[in-house]
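Working notes for the structure below.
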Amino acid sequence: MEDDGGEKSSFIIGMIGNRAKEVGIAAFDLRSASLHLSQYIETSTSYQNTKTLLHFYDPLVIIVPPSKSVPDAMVGVSVLVDRYYSATKKVIMGRGCFDDTKGAVLVKNLSAKEPSALSLDTYYKQYYLCLAAAAATIKWTEAEKGVIITNHSLLVTFNGSFDHVNVDSTSVQNLELIDTLHSNLLGTTNKKRSLFSILKTTRTIGGTRLLRANLLQPLKDIETITARLDCLDELMSNEHLFFGLVQVLRKFPKETDRILCHFCFKPKRVTNEASFDCAKRSQILISSIILLKTALDALPLLSKVLREAKSFLLANIYNCICENEKYASIRKRIGEVIDEDIVHARAPFVARTQQCFAVKAGIDGLLDIARSAFCDTSEAIHKLANTYREDFRLPNLKLPYNNRRGFYFSIPQKDVQGKLPSKFIQVVKHGNNLHCSSLELASLNMRNQSAAGECYTRTEVCLQALSDAIRKDVSVLSLLAEVLCLLDMVVNSFANMVSTRPVDHYTRPKFTENGPLAIDGGRHPILESIHNDFIPNSIFLSEGSNMVIVMGPNMSGKSTYLQQVCLIIILAQIGCYVPARFSTIRVVDRIFTRMGAVDNLESNSSTFMTEMRETAFIMENVSQRSLIVMDELGRATSSSDGFAIAWSCCEQLLSLKAYTIFATHMDNLSELATIYPNVKILHFDVDIQNNRLDFKFQLKDGSQRVPHYGLLLAGVAGLPRSVTETATRITSRITEKEARRMRVNELQYYPIHMVYRVAQRLICLKYSNHDEDAIREALQTLKESYLAGFI
C-alpha cells in the first residue's frame, strides 16, 4: 500500500453514536497497522471528549453513518464533524456497514493477539458501537486502498485512548504542547517553541509520531513510567551504551516503521490494471523489501550494543528482538533472492537502479533482458549529455534526475550567452540555473522509464513467494517497528535532551499513588531554553492542602507558573526527566486548564461565555485524581459576579480530592484561606520603586498586597492624575473594609486551622521515608509547636 507520507497523520476513523450519547470510535493507523477502539458516554453537550480524541488522531478520513437515517438524538457525531472538521474528508457509509457482529469477527481474525488475550466475548457486549465502527472502517480501507489486510497482523487495543492521561484539546493549546500560541517573544529575537519542537530530535518518522502521541496522552501506569525512567538512568550513567545506541539507530532507515508494517496489507489483484499503476505497486513492494533487508542487517549491531544492558526495558528488547530467531530466518530468505550488495538509498536515480537490480541475476530471464534495456537507455542518456556538452560548448551541463521528470538538463545561467539553442525545450529558470530537456532526451526518458517498469513487474513476480513468506511472520515485524520507535524516542529525544543540559539540571521524578505533588525548584522547560536566568519556583499540594491560590499583579509570572507545573507533570508521565531539583508526583488521570481570555467567533461566544463553557466542562468531568489549573476566572464579567463565580468554583473544587492551582487578581479570594484550612495562598513577589513595579518572579508564601498596582500602570499609561488620585481614595476605603472582615474570620476559624495543620503534618509523616527515630522526633516537635500555638 502506498505511503501516506511524512510525519502527517495516517489515521482512518469510523464514528457512530446512539440515543444515550454513547460514542464508538475505531481509529485505524495505516502506518503502524494498528486499530484503536474506544467507546464512552459523552458527558459534554459540545462533545468535548470526542473533539479531544479527534484532535489526538488528526484523521485523514472520518467515516460516519448517514444522519437522515437515525433519530435526532444520534446525529451529534455527524454534526460535530461538519462543524469542526470540515477540512477533513468525510465519508458517509450506509447504516448496514456499521455491523457490530461483523466487526467482532474481523477484529478476532485480524488481531495479532490471541482472542482470549483480547477478552473479545466481554468486549463484544460492552463495546458494540466501536466494533460497528471497526467494521465500517476496515471495509472502507480495503475498498479504497485496494488491499486485503493480512490475518493476525493488526495491533488491536480496546479503549486504548482512555488508558492514558486525558488532556483535552483546549488544554493542549493552552499548554503549547504541539504548537505555540505566540511565536515571537518580547525583548528577544528568539522564537518561542512548543514542548514538542524542543523534544523533537528523533531520527525516524515513527519516533516523532510516538513522541507526539505521548505528549497528547501521557502514561498513567507507574510501572511503565518507571521502566522508561530506569532505562534513562542507565543511558545517563553508561556513555558507551548511550552513544552506541545513537550510532546503531542511524543504521535503520527513517521509514522503517512504515515498511515493516507494509506487509500487513496485501494488494488486491486487478486484471485490467494500468501498466503505470502496476509498475508503481511493484516498485513499492521492491522498495519495502530492500528497506526490510537494510533494517535486518542492522539488527546484529543492535544486539551487540544491548547485550550488556541491565534496565528492564532494554533487557526485554534484547530478549524479544535480538534473541528472536525469526528475524534471522526472514533475513536468510531475503538473501536467497535479493543481491547482497543492494542497500537502501535515498537519491532517486540510485534508488531506482537498486530496485531494478535487487533480485540476483539469472533467476528470471525476462528480468535480465529488461535490465539490459534499462542499462542501454541509461547509458544512451549520459552519452547524449556528453554530446551536448561538446556540441554546444556547455562544459558545466549537468544531468540530474527526479522521480517526476526523469532525466533533465541543468545549465548554469552564466554559461549561456544570449538564448539557448533551439534544440533545448521546456526551459525553466531555477535559481542560477536553467532546467530544460530536448526531444531526444524525452524519447530516451520514455524508453528508460518503460524498461524500469518492466524490471519492476518482473521483479515483483520473483518476489511474490518471498513476500508471502514474510507475511506469515508479520507480527514480529510489527513488534520490531514498535521497538525501534520507542528506542528512537527514549534515546534520541529524552536522553539527548537531558545529556545536552548542564549536570543535574534535569532530575528523575518520583511517583506515588496517593501522596503529594511536590516540585522543588521547578523551571519552565520551554522558556528556560530561551532565558538563561530563568528563576525556579516550587509547589506542594497534598490531600490536606489540595488548593493553591496564586496571587500577583499582571506580568508577575502567574500564567508561566501554571503552565510550568503542567508541563513538568506531563514530562514526568511520559517517562522523561524533569527540570527541577526534586519532584515527587501523584499520578494524574486528567489535566484541565482554563487560561486566556479571547472571544470565540466560531461559536459566537463572548470571552465570558467561553470561560463559562470551559469551566462547565471541567466541573462535569473532574475526578479525584485530576489536576486543575485555572487562570483569572471571572474577570470577563462584572466584578461582583466574577468574584462570586470564582469563589463558588473554588468551594466546589475544594470538596474534591483533585489538586487545583488557581491564579487570580482578586485579593478577596485570599479570604478563602481564613475559612478553609486546605487552601494555601502564594504570591509572586513585587517591589515598588519610584512608582514603578519591580517584578522578582519569585513565589512566596502568603498574600502580598501591592498597593494600587493597577493605578500605577494606569498612571504610566497616561491617565490624568486627578482620575488616579480619586481612584486611590476609593480603593483605600474598600481595602480597609475587607481587611477588617478578614481579621474577624482569622480569629473565628483559628482553632480549626490548628487542628487541620496537625492532621496535615501527620499525613506527610505517613508518606515519608524517614526511619522510626526521625518520625518520633518529628512528632515531639509537632506536639511542642501545637502547645505553643506556632504551627
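All values below were derived from every heavy atom in this structure, side-chain atoms included, with hydrogens, water molecules and symmetry-related copies excluded.
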Looking at [atom1] of [X] and [atom2] of [Y], how far apart are the two atoms once the value is rounded to the nearest 0.5 Å?
X: Met489; Y: Leu486; atom1: CE; atom2: CG; value: 5.5 Å
X: Ser288; Y: Gln355; atom1: OG; atom2: CD; value: 9.5 Å
X: Asp589; Y: His164; atom1: CG; atom2: NE2; value: 13.5 Å
X: Arg581; Y: Asp520; atom1: CZ; atom2: CG; value: 4.5 Å
X: Arg352; Y: Ile286; atom1: CZ; atom2: CD1; value: 12.0 Å
X: Leu541; Y: Ile585; atom1: CG; atom2: CD1; value: 11.5 Å

Would you find more than 12 non-hydrogen atoms of other residues, nucleotides or ligands less than 6.0 Å from [X] atom [atom1]?
X: Glu325; atom1: CD; result: no
X: Asp771; atom1: CG; result: yes
X: Glu323; atom1: CD; result: yes

* **Derivation and outcome, ring-ring contact (aromatic ring centres under 6.0 Å, His included), residues Tyr401 and Phe349** => CA-CA 6 Å; Tyr401 174 88; Phe349 181 68; 5.6 Å; yes
Is it the case that the side chain of [X] and the backbone of [Y] share a donor-acceptor pair, with hydrogens and angles ignored and the cut-off at 3.5 Å?
X: Ser197; Y: Arg193; result: no
X: Thr204; Y: Gly207; result: yes
X: Arg625; Y: Tyr659; result: no
X: Ser171; Y: Val167; result: no

Could you tell me whether [X] and [Y] make a salt bridge, using a distance below 4.0 angstrom between a side-chain N and a carboxylate O?
X: Lys360; Y: Asp339; result: no
X: Arg508; Y: Asp230; result: yes
X: Lys266; Y: Glu142; result: no

* Scan for side chain to side chain donor-acceptor pair (under 3.5 Å) pairs involving residues 237-253, sequence neighbours excluded, and state none if there are none. => none
Show the atom names and distances, to 0.1 Å, of all donor-acceptor pairs under 3.5 Å that link a side chain in residues 309-316 to residues at least two apart or in another chain.
from   : atom 1 : to     : atom 2 : distance (Å)
Lys310 : NZ     : Glu308 : O      : 3.1
Ser311 : OG     : Glu234 : OE1    : 2.8

* Go through the structure and list residues passing side-chain hydrogen bond (donor to acceptor under 3.5 Å, both in side chains) with Lys293, not counting sequence neighbours. => Asp297
* Structure fact -> Heavy-atom nearest pair, Leu241 first then Val305, reads CD1-O, 3.6 Å
* Heavy atoms, side chains only, cut-off 4.5 Å: are Leu232 and Tyr577 in contact? -> yes
* To do: Flag this pair as yes if the NZ/CZ of Arg307 is under 6.0 angstrom from the six-membered ring centre of Tyr318 and inside a 45 degree cone about the axis; otherwise no.
  => no
